[in-house]
Structures are given as structure tokens and as C-alpha cells.
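Structure first, then comments.
So you know, we letter chains A, B, ... as the sequences are listed, proteins then strands, and number each from 1. Note that these values count all heavy atoms, side chains included, but never hydrogens, waters or copies made by symmetry.
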2 protein chains.
Amino acid sequence: MGALILEPLARPDGMTTHEYAHRRLRQAIMVGSIRPGESLTIRGIAEAMESSPTPVREALRRLSSEGALKVLDNRRIMVPKMTAERFGELIALRAVLEKHAARRAVAHITERQIDRLVEIDKAQDEAIARKDNAAALLLNQEFHRTLYTANPDQIIMPMVESVWLQLGPFLGIAMEHVAQLYFVDRHQEAIAALRKRDADAVAEAINADICEGIGGFERAAIENLLRLARQ
Amino acid sequence: MGALILEPLARPDGMTTHEYAHRRLRQAIMVGSIRPGESLTIRGIAEAMESSPTPVREALRRLSSEGALKVLDNRRIMVPKMTAERFGELIALRAVLEKHAARRAVAHITERQIDRLVEIDKAQDEAIARKDNAAALLLNQEFHRTLYTANPDQIIMPMVESVWLQLGPFLGIAMEHVAQLYFVDRHQEAIAALRKRDADAVAEAINADICEGIGGFERAAIENLLRLARQ
DNA sequence: TATTGATTTTTGTGATCACATTTCCAAAAT
DNA sequence: ATTTTGGAAATGTGATCACAAAAATCAATA
């Protein structure tokens, strides 16, 4: 019975227990700190965060609806295994979703919001410079989220986050073996296109950002990583 | 306290209570039988299906993660309100998602599976002929699902179903005021393109099927429907 | 008559318990 | 040495209860 390691996380008051559990588990999965195939037990998690099975179960149900966890026939719950095929599907889907989200945001985004994007991008560059992978990852997500949610009627964000979640375990594997993540930054290009209100150019910048970033892993490299992880 | 009306639904044995609750509620929302703005109570639903709060709460959490329900600040749960803007986003997203899903299925689908699509399409035509809206709707979904899941590594289906779920309440409104739904069927076109393994043509057929079907509502017609529903 | 304020009821939340199933581990049999 | 089998421990599931917050009800006041 391996004890589950969970980073403590600030709990704003008013936040319910199941919400807190959801957030903590989600973050752990997103940054790849739970290994695929590792099976999670309700009581184990409940104990790890000093609560009871009921709210933990709710958190796990949500995460499985979000694609972050898989419920087996035995009713055991685990992080889905990553394969080269699944990875390919995730990247292709991510590109399609985010191109669309970006395009749909262009008409709504304000100059003020674009300024905010510039700030976030700068902070990310600093994080990369000081080799702080975790911070850079979070800032990269914040950049994309800020852009897409500029559209007030947007409904795609939960799906984008679902893909991020499903890519999390791969990031964990990659970080174990690569030590330093390679970040691609086409954000400047996206920002310039946003200022010109050129939707096609924005979409293309986002596409490049994704495909040359995490999506740029060669298939051979992926299979190699996954083989290493299996041992 | 308005009693919740839920169609009874067969419960395969081995199915857990929360799963059953999830399915029943999901179906009710999908065919639009729960009015937007109507607030759901955990105890009310538990009573309606003769169980207890715990599994119902789990079902509601899943549905809110799937975008079918919204949790308010009061922690009340309701079906999201539909607006013309949101409807537009849903249709645009549906088109993008399903074009992509269709394109990604082409390489994997077998002749046998294409034959199955022909059968489903025929059954749908029969349902339309006998003016059985509910059956036609379900068969239409089965057609699309069968196509997209031909890709064994596909991860997009939950997202497609999420969009269907979010469109459900609109269907309910439309059916209250239009009596007879107008079905567009570009399935034959998709089937022909599949036989030729022409991915672009398949994607285009699916796109047309969506945009000329439920997506074909004029904006004025939508706003009219929504205005009627508000009273 | 409309509005405020107190009380009663309803509701969401989470801990706990009992039950059935599954998993695990060690001893016995092949 | 490997497989089988028995029981013990662990696990998922769902009903119930207690508590706090929210909503609804109703009486008193302006």
C-alpha cells in the first residue's frame, strides 16, 4: 500500500471539501506527479488529506468525467496509460480545439487584455530563464486561458483543460527523463496578430506554439520515453 | 416543491446506483425534458428514483463536469440558460469537433462498420417517416457515434457528447413550439465518401449535416424560440 | 398595503457505518 | 517449483445522521 504523496495546497475558505480534493488531485495529475497505471484508493486519498471517503469519491467522479482518470471494470481508479497513438490524438485534438478557441476570441479581446497577455508571456520567459519548469508550465497555461476566455460566451475551455489534464502524465514522464523541458514560445507572434485583429494569423501562431512545443516530440522519441517509463 | 418527472429507465444489473442516476438524468437533459433554470434538488431526485443523496450527488457532479448542469454560488444546481450567443458557440464547436472526429476515423473504419452505418441511417429514415422525433434523434446520435468511435484511439467522443448534452435543452424548447423537428440527412453523402476513403469529403458531409440540421436555425428564429420559452 | 424581522423548513455537505465484492497472502495440494 | 484454495484484510458503494447555510413562511411593524 504505497502512501499517496500530495503537495499541500492552500484552501480558500468557503471551498468545500470535495472541491478542495478535486483541485489537489487535478494539480497532481496536471503536472504529472501521479504515474500512469498507479491505482488510487478512495480511503487512501481521504486519509492523505484528512477527510472522509464521501467528498473524495465526488472528486474522483469529476476527474473521471474530465478524462483525467479511468474507472476500470474492477471499479478501481487509475491514471490512464499513455501510448504513442493516444499522445498523437491528444496533440491533434489540442491543436484543433485551441485554434478554434483562439479564433473565436479575437473579436472580443480588448487592448487591456492583450497587455495582460504580454505580462504573462514576460513572466513565463523569466521562469524559463531560471529553469523553473513548473512555474513556466502554469504561466503558459495562464496565457492560453486568458486568451480563450476573452470570449464571454466561450464554452470550449473545459475541453481544452481536459486535454491539458490528459497530457499531464506524459509531461511527468518526460520530466523524469529529460530533466529540462524545451519551451517553444510563439506567443509574441500571437500577440502581434491579435493587435492586428487577424484571426487566421492568431490561429496559426497558436497552432505553431502547440505543434512545435509539446507536440513537437518525434514519434521515435515518444516511444523511447514511454518504453523507459514502463520499467 | 415541483415533483421531478423522470422517465423510468431499464437498469442493467451490475450497474451502480450513481451510474443509474447519472444515466437517467443525462437522458432527461439530452432530450430536453428538464427546463433551463429549473433547479434540481439532491433529495428531490433521490426520492424520485428511490435512493439516497450520496449516489445522486455523484451523478450531479459528473453532469456538471460534463457541462450539462451548472452549480450556482448558492450551491444550487440547474440546467444552464440558453442564449442565442451560447447556441451559436455550441454549433460552431460541434462542427469543429465532429469534422475532426470524422476525419480521424476515416483511416480506421472497416467496410463492415460502414455497412452498419447504412443500417442505422435506414432506421433513422424510418423513424423520421413515422414522425418519431425521439427515436430519430437517438439514431442520429448513434450514427455519429459509430463513425467517430471507429478510431480506436479516439479521445474526442466525451467532448462531442458534452456538446450534444448542452444542446439538449434547446431541443426541448424547439420541440415544444415547433411540434415536428426538421431533419437534415447528409449521411448518404458521408457514407459514399467513406467508401472512397476521402477524408475531406467525409468531413464536409458531416459539417453540412450539422450546419444545415440543428445548426441551420436562423438567428431570428432562435431568439424568437428563446423569447417564447421565457414566458 | 408593503416591508422588515424572526422562526421554521428545506437543502447541501461530509462523517460514519454496514454490506458485498475484490484483492491479497499464506498454507496446502499437485 | 507451481498451482490451488482458504480466509483475512482492504476496497467500493450507498444509506443514514448531524450540522450549517440558505430559502421560505409568517407575524409584526411602518
Whole-Å gap separating C1' (D:dA23) and CG (B:L72)
14 Å

Every protein N/O lying under 3.5 Å from an N/O of nucleotides 13-15 of chain D:
from: D:dT13; atom 1: OP2; to: A:R61; atom 2: NH2; distance (Å): 2.8
from: D:dG14; atom 1: OP1; to: B:T17; atom 2: N; distance (Å): 2.2
from: D:dG14; atom 1: OP1; to: B:T17; atom 2: OG1; distance (Å): 2.9
from: D:dG14; atom 1: OP2; to: B:H18; atom 2: ND1; distance (Å): 3.3
from: D:dG14; atom 1: N7; to: A:R57; atom 2: NH1; distance (Å): 3.3
from: D:dG14; atom 1: N7; to: A:R57; atom 2: NH2; distance (Å): 3.0
from: D:dA15; atom 1: OP2; to: B:S52; atom 2: N; distance (Å): 2.9
from: D:dA15; atom 1: OP2; to: B:S52; atom 2: OG; distance (Å): 2.3
from: D:dA15; atom 1: O5'; to: B:S52; atom 2: OG; distance (Å): 3.3
from: D:dA15; atom 1: N7; to: B:T54; atom 2: OG1; distance (Å): 3.1

A:L69 atom CG is separated from D:dG12 atom C1', nearest whole Å, by 15 Å

Hey, which sits more toward the 5' end of DNA chain C by its nearest nucleotide, A:R76 or B:N74?
B:N74

Test of understanding: with side chain to side chain donor-acceptor pair (under 3.5 Å), list the residues that count as partners of B:R26, not counting sequence neighbours.
B:E161

Can you sort out the partners of A:T16 under side chain to side chain donor-acceptor pair (under 3.5 Å), two or more places apart, ordered by chain and number?
A:H18, A:E19

side-chain contact (heavy atoms from CB on, under 4.5 Å) partners for B:A102, two or more places apart
B:L147, B:Y148, B:V202, B:I206

Identify, with sequence neighbours excluded, every residue that meets ring pair (Phe, Tyr, Trp, His ring centres under 6.0 Å) alongside A:H22.
none

Five-pair end axes of the helix from C:dT1-D:dA30 to C:dT30-D:dA1, angle between them (10°)
20°

Hey, do the aromatic rings of B:H100 and A:H100 have their centres closer than 6.0 Å?
no

For B:I45 and C:dT11, what is the distance between atoms CD1 and C1' respectively, to the nearest whole Å?
12 Å

For B:A21, what residues pass the side-chain contact (heavy atoms from CB on, under 4.5 Å) criterion, not counting sequence neighbours?
B:M49, B:A59

Pairs flagged by ring pair (Phe, Tyr, Trp, His ring centres under 6.0 Å) wherever residues 153-174 of chain A is involved - sequence neighbours left out
A:F87-A:F170, A:F170-A:F217

Atom pair distance, as rounded to whole Å: CE in A:M78 and P in C:dT23:
14 Å

Expressed as a whole number of angstroms, how long is the span from B:L40:CG to C:dT11:C1'?
13 Å

I'd like to check the side chain to side chain donor-acceptor pair (under 3.5 Å) partners of B:E142; sequence neighbours left out, ordered by chain and number.
B:R116

